[in-house]
Amino acid sequence: MAWTKYQFFLAGLMLITGSINTLSAKWADKLSAPGCNGTEQHNFEHPFVQAVGMFLGEFSCLAAFYLLLCHDRRRPEPTMAPPQSFNPLLFLPPALCDMTGTSLMYVALNMTSASSFQMLRGAVIIFTGLLSVAFLRRKLALSQWLGILVTILGLVVVGLADLLNNDNDKKHKLSEVITGDLLIIVAQVIVAIQMVLEEKFVYKHDVHPLRAVGTEGFFGFVILSLLLVPMYYIPGGSFSGNPREVLEDAIDAFCQIGHVPLIVVALLGNIGSIAFFNFAGISVTKEISATTRMVLDSLRTVVVWAVSLAVGWEIFHGLQILGFIILLVGAALYNGLHRPLLARLPWRRAPADAPGTDADREGLLAADGASVNGDS
């Protein structure tokens, strides 16, 4: 069935805003400006300040939810169910996981390329699958186990491409690239824990996804903003990119913004894109299918990689293409994308009125609902 103009709009919005989210964060990392008290010019390496901005973008989804609810109630026949009462503290544990995982990924983004950052996030499939077996007592299909193994192979190829790229790209030390890649993998373990917590404790309350994203964004924004105070005094060592070499120097970040207002554009791109990306992702799942959402999320990696090459942020390496293709195959196997393709084969085609025609889509929707903001 042909897509409507609205569906094309949603798909384009998800692809564009998802790509902008990663690219704007990397752009902010590459901008440089003097700091406070006349300190020399240095890159805007403030991962925790950027993470606070991202949570502010997620928090805005809460406002979007209530605006949609008010608009829906004005209709003659409202389509949205009335908000269910729930304990907001249910979102605190997944919000803490989201805060930790996001902060680690922003630290890692300072150490590795934007394309590798985006590709390595595919590792979440591995840990989500294993944790769902261990804690949710879920039985994975053979294709899902195969998807996990293929994803592991893809991660090895992407990591190898990073090591070979480092021979030609001296912007990052080899130790930084390895550390950055490992931090991304560790962050995916934490994101997988977040997904399992959400599925086990949150989704049984039937909370609207925008409301769930906004609530987690609220907790993440408040807690991480408060943590910026002790981070100002904690030594950061090799993880620090600010002149005082502390874990995070928020004052230095604002001084740099004052000297180079263009940094605000990059930060606003990150904040705004995450809000629209969550909205578009939820809408794509509802209006089209979760399969389409997975494909668009994979295409986001291509856009990030292409833009990074075009602006000279990284050097082309053929292994990255191979790694991306392998990761795409792994994600497709895990999410069941191969089933509708196999069903099109002449000897596998079932009658149109056969029972269970929508089973694939329902299964994918259930799998896609494993995280309210897992794509952020």
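Residue I274 holds its CD1 atom at 8.0 Å from OG1 of T17, rounded to the nearest 0.5 Å. Going from atom CD1 of I257 over to atom CZ of F44 covers 4.5 Å, rounded to the nearest 0.5 Å. For the atom pair OG1 (T112) and CE (M119), the distance works out to 10.5 Å, reported to the nearest 0.5 Å. Between the NE2 atom in H208 and the CG atom in L62 there is a gap of 11.5 Å [rounded to 0.5 Å].
Looking at S113 and S116, their side chains do bring a donor and an acceptor atom within 3.5 Å of each other. For the residue pair Q320 and W305, a side-chain donor N or O sits within less than 3.5 Å of a side-chain acceptor on the partner.
Between A266 and W27, the closest heavy-atom pair is CB-CE3, 3.5 Å. Residue L15 comes nearest to L296 through the heavy atom pair CD1-O, 3.7 Å, listed as atom of the first residue, atom of the second, then distance. Residues G101 and A187 approach most closely at O-CB, 3.6 Å, considering heavy atoms. When all heavy atoms of V260 and A33 are compared, the pair lying nearest together is CG2-CB, 3.2 Å. When all heavy atoms of S32 and N43 are compared, the pair lying nearest together is CB-OD1, 3.5 Å.
Qualifying salt bridge (charged side-chain N to carboxylate O under 4.0 Å, His left out) partners for D252, counting only residues two or more places apart in sequence or in other chains: none. For E245, there are no side chain to side chain donor-acceptor pair (under 3.5 Å) partners, not counting sequence neighbours.
The side chain to side chain contact (heavy atoms under 4.5 Å, CB included) test with L120 singles out one residue from L327, V158, L183, and that residue is V158.
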*Given V246 and Y233, is the side chain to side chain contact (heavy atoms under 4.5 Å, CB included) satisfied, shown in steps?*
CA-CA 6 Å; V246 292; Y233 301 99; over 6 Å; no
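Although no hydrogens or angles enter the test, the distance criterion places a donor-acceptor pair under 3.5 Å between the side chain of Q7 and the main chain of T4. Looking only at distances, a side-chain donor or acceptor of T39 sits under 3.5 Å from a matching main-chain atom of C36. For the pair S24 (side chain) and N270 (backbone), a donor-acceptor distance under 3.5 Å is present.
L228 is listed as a side-chain neighbour of V52, based on a closest heavy-atom distance under 4.5 Å.
Taking the six-membered ring where the residue is Trp, the centroids of F48 and H46 are separated by 6.0 Å or more.
Within 6.0 Å of the CZ atom in F324, the count of heavy atoms belonging to other residues, nucleotides or ligands exceeds 12. Within 6.0 Å of the CG atom in N37, the count of heavy atoms belonging to other residues, nucleotides or ligands does not exceed 12. More than 12 non-hydrogen atoms from other residues, nucleotides or ligands lie less than 6.0 angstrom from CZ of F219.
Both tests do not hold together for R211 against Y66: distance to the six-membered ring centre under 6.0 Å, angle to the ring axis within 45°.
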